[in-house]
Enquirer: 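This is the structure I want to talk about, given as structure tokens.
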Amino acid sequence: MTEPREQQLPPSLSAKFQGSFAYFTIRDRLPVILARIADTVYRKKVVILDQYGEDGSEDLKSVAGCVSKLRNEVQTNKEIIPLTDSHRDVEVWNKYLKDVTEKENQAPKWFLSPWLYVECYMYRRIQEAVFNCKVLKDLDVFEEQKQKTFMDSQRAIITLMTYLQEVSQRFTTNDSPNVQMLLQEFMQVALWGNKCDLSISASQENAQEQCLLEQLHHLEPNILVNDFDQVWSLLKEKGQFKRIDIVLDNAGFELISDLCLAEYLIISGITTTVYLHGKAFPWFVSDVTPQDFKWTLNMLCASNSISMSHFGNVWKNRLEDGSWKFSTHDFWTMPFDFSEMKTYASDLYQELKTSGLVFLKGDLNYRKLVGDRNWNTTTSFVESLHGFYPSPLCSLRTSKADVIVGLKDGQAGEIEKMDKDYMINGNWAVISYSSKLDV
Ligand SMILES: O=P(O)(O)OC[C@@]1(O)O[C@H](CO)[C@@H](O)[C@@H]1O
Ligand SMILES: [Mn+2]
């Protein structure tokens, strides 16, 4: 099958389509996320003044000012403007703006241009305010919300990690654990862990209260595409992998669910190494940064829960002994969809080509996999990847944007009758697999 060229691809999702989820996101949700940042920043005033003195207060004022200016630009549909900080990715972002302007013969705007671009640009503009600070260049304006989600999910985290410890013991005592059934369980826990994301909730609290394990059976019918069997036959056919990757999404409970999957992949012998990919700076409110990763492991180690502290130490050792690797790459916080990785991040693309299987978590990664385009729901997942074939891929995504592919004929209509917002409310999910490889 030849890869579809630009003109054959369906249109990009955009807020120019009134009534689209992009439209509601940009009109209603993004301004709320920006307003929430101003509140957070003001709440830090006393602590920052104490730690950083006047420079710190000035920085906070400037971040708050930049974020409210940005909020006004979004709400009044201003033109997208070049970035002014000196972070290493500025040139790529500003060249992209120039290229889009030339291609469209007009400057991109919030309610005109592709949703993926303007939403990614918003989070990079927030970082511009931080990178332009004098003393607060490492400020994470979303830190408080991410940490609160972790703290509020303790019960679910303890239950899940206690279960992981029992499973781990079954492998140690070799009492013939059902590897396939357990893999399905840990993949589905990681899948539903994706429901908790602070961007969809426009920064409203979004902790995991109940234990997911008991709900998996009940949630199974809500998995609209379930390619688990294809993942399992790949693993069975290959025996033990040297490398499996997990492109992470959100901090908090979702990160714990991903690390439990990563631990299971090792103790089951499915792979000897798991590569975990985070974001280089705060992104889409709850995405995992190196600081979030470190903080989470430290919180596990300091916990008085036996299973949490056990795995906190096990996981710190895995980073030491190399069975886990955590890294970031600038590509993950750029506006490109994944079909452009070969062009803009060939090093990352070549690295993923060495993986036996790449799990990609969450909705934004799914949107980037399918190019954030308005595909027919019955288009195959493989076709919607339009050129992104570095390795076998498995998307674990709860649907929080109005794009979905790989459904059967008539399936969308059936689901719509039950839940008209099925594409955007996070109650429905896909486990989508592609085995297609670049030549
Ligand atoms: O990637 P995640 O964390 O699962 O979701 C990201 C998200 O919350 O942000 C966008 C809406 O603002 C959508 O892509 C999606 O709803
Ligand atoms: Mn996210």
Side-chain angles (χ1 to χ4, degrees), residues 12-15 20-37 71 74 110-111 114-126 140 142-143 145-146 149-150 190-208 246-258 276-289 292-293 328 332-338 359-374 395-404 421-432:
S12 299
L13 300 185
S14 165
S20 67
F21 189 59
Y23 178 77
F24 291 122
T25 295
I26 295 169
R27 189 191 70 180
D28 303 335
R29 295 173 46 245
L30 297 190
V32 170
I33 290 168
L34 293 169
R36 180 79 190 261
I37 292 173
R71 186 165 183 265
V74 174
W110 298 90
F111 288 90
W115 178 26
L116 182 64
Y117 172 43
V118 297
E119 190 169 27
C120 290
Y121 171 82
M122 184 189 90
Y123 287 99
R124 181 57 183 80
R125 267 290 292 278
I126 294 166
D140 177 347
F142 303 121
E143 179 185 73
Q145 299 169 63
K146 290 183 277 190
T149 308
F150 176 88
L191 169 73
W192 294 113
N194 178 241
K195 268 171 77 80
C196 323
D197 108 72
L198 291 161
S199 162
I200 186 74
S201 62
S203 296
Q204 300 313 312
E205 287 161 27
N206 203 344
Q208 177 64 36
I246 303 179
V247 181
L248 299 171
D249 186 2
N250 301 311
F253 180 82
E254 181 171 2
L255 176 58
I256 296 295
S257 69
D258 295 339
L276 301 160
H277 302 270
K279 303 297 192 300
F281 51 73
W283 188 251
F284 276 68
V285 186
S286 37
D287 283 25
V288 178
T289 65
D292 297 324
F293 193 84
T328 64
W332 304 121
T333 48
M334 284 189 178
F336 306 116
D337 76 45
F338 290 162
F359 285 105
L360 296 112
K361 289 300 308 302
D363 190 72
L364 178 62
N365 280 323
Y366 185 88
R367 290 174 53 198
K368 291 188 168 186
L369 282 167
V370 304
D372 217 35
R373 292 179 177 276
N374 197 13
S395 167
L396 299 175
R397 174 245 189 168
T398 57
S399 193
K400 296 178 271 186
D402 47 359
V403 52
I404 193 163
D421 295 330
Y422 80 97
M423 281 201 209
I424 59 174
N425 58 22
N427 294 332
W428 303 80
V430 294
I431 297 175
S432 294

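We count ligands from 1, going down the list as the structure has it; atoms in each ligand are counted the same way.
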Enquirer: Mind checking whether T25 contacts ligand 1 via backbone (N, CA, C, O), side chain (CB onward), both or neither, at a 4.0 Å heavy-atom cut-off?
Expert: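 It is the side chain that touches ligand 1; the backbone stays farther off.
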
Enquirer: If we only count heavy atoms from C-beta on, is the F284 to E119 side-chain gap below 4.5 Å?
Expert: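 Yes, side chains in contact.
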
Enquirer: For ligand 1, which atoms, with element, lie under 4.0 Å from some heavy atom of L364?
Expert: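 Going through ligand 1 atom by atom, the ones under 4.0 Å from L364 are 1 (O), 2 (P).
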
Enquirer: Identify the residue among N250, D287, D292 that makes a side-chain hydrogen bond (donor to acceptor under 3.5 Å, both in side chains) with K146.
Expert: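 By the side-chain hydrogen bond (donor to acceptor under 3.5 Å, both in side chains) criterion, K146 pairs with just one of N250, D287, D292: D292.
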
Enquirer: Any side-chain heavy atom of V403 sitting closer than 4.5 Å to one from R373?
Expert: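 A side-chain contact is absent here, since even the closest heavy-atom pair is not under 4.5 Å.
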
Enquirer: Once you restrict to heavy atoms under 4.0 Å, what part of K361 touches ligand 1? Side chain, backbone, both or neither.
Expert: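 Contact part for K361 vs ligand 1: neither.
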
Enquirer: Pull out every atom of ligand 1 sitting under 4.0 Å from any heavy atom of F284, numbered as shown with elements.
Expert: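 Reading through ligand 1 atom by atom, the close ones are 9 (O).
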
Enquirer: Could you say whether the N/O atoms of N365 and ligand 1 ever approach to under 3.5 Å?
Expert: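 No, there is no polar N/O contact under 3.5 Å.
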
Enquirer: Parallel, tilted or perpendicular for W428 and Y422, by the 30°/60° rule?
Expert: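 Plane angle over 60°, so perpendicular.
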
Enquirer: Are I256 and F150 close enough that some pair of their side-chain heavy atoms sits under 4.5 Å apart?
Expert: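 Of all side-chain heavy-atom pairs linking F150 with I256, at least one is under 4.5 Å.
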
Enquirer: Is ligand 1 under 4.0 Å from a heavy atom in the side chain of D363, in the backbone, in both, or in neither?
Expert: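 Both parts.
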
Enquirer: Identify, by name, the N, O or S atom of D249 lying closest to the Mn ion (ligand 2).
Expert: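 Per the distance ranking, D249 contributes OD1 as its closest N/O/S atom to the Mn ion (ligand 2).
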
Enquirer: Relative to the heavy atoms of G362, which atoms of ligand 1 are at a distance of less than 4.0 Å?
Expert: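 Within the 4.0 Å cut-off of G362, ligand 1 contributes 4 (O).
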
Enquirer: Can you name the closest pair of heavy atoms from A190 and L396 and give their distance?
Expert: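 What the structure gives for the nearest pair is CB-CD1, 4.3 Å.
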
Enquirer: Is any side-chain heavy atom of D372 closer than 4.5 Å to a side-chain heavy atom of D337?
Expert: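 A side-chain contact is absent here, since even the closest heavy-atom pair is not under 4.5 Å.
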
Enquirer: Show which atoms of ligand 1 fall inside a sub-4.0 Å distance from at least one heavy-atom site of R367.
Expert: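 Within the 4.0 Å cut-off of R367, ligand 1 contributes 10 (C), 13 (C), 14 (O).
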
Enquirer: Is R397 touching ligand 1 with its side chain, its backbone, both, or neither, if touching means heavy atoms under 4.0 Å apart?
Expert: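 The answer is neither.
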
Enquirer: Please report whether ligand 1 has a polar contact with N250, defined as an N or O pair separated by less than 3.5 Å (distance criterion only).
Expert: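 Between N250 and ligand 1, an N or O pair is found under 3.5 Å apart.
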
Enquirer: Just so I know, are the side chains of F21 and K400 near enough to count as touching, which here means a heavy-atom distance under 4.5 Å?
Expert: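 No - every pair of side-chain heavy atoms lies 4.5 Å or more apart.
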
Enquirer: Taking the six-membered ring where the residue is Trp, are the ring centres of Y121 and W110 under 6.0 Å apart?
Expert: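 Aromatic pair counts; centres sit under 6.0 Å.
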
Enquirer: By number and element, which atoms of ligand 1 are closer than 4.0 Å to a non-hydrogen atom of N194?
Expert: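 Those qualifying, in numeric order: 4 (O).
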
Enquirer: Output yes when the distance from some N or O of ligand 1 to some N or O of L30 is under 3.5 Å, and no in every other case.
Expert: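 The answer is no, given that L30 and ligand 1 share no N or O pair closer than 3.5 Å.
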
Enquirer: When you draw lines from the Mn ion (ligand 2) to OD1 of N250 and to OD1 of D287, what angle lies between them, to the nearest 10°?
Expert: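 Taking the Mn ion (ligand 2) as the apex, I get 80° for this pair.
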
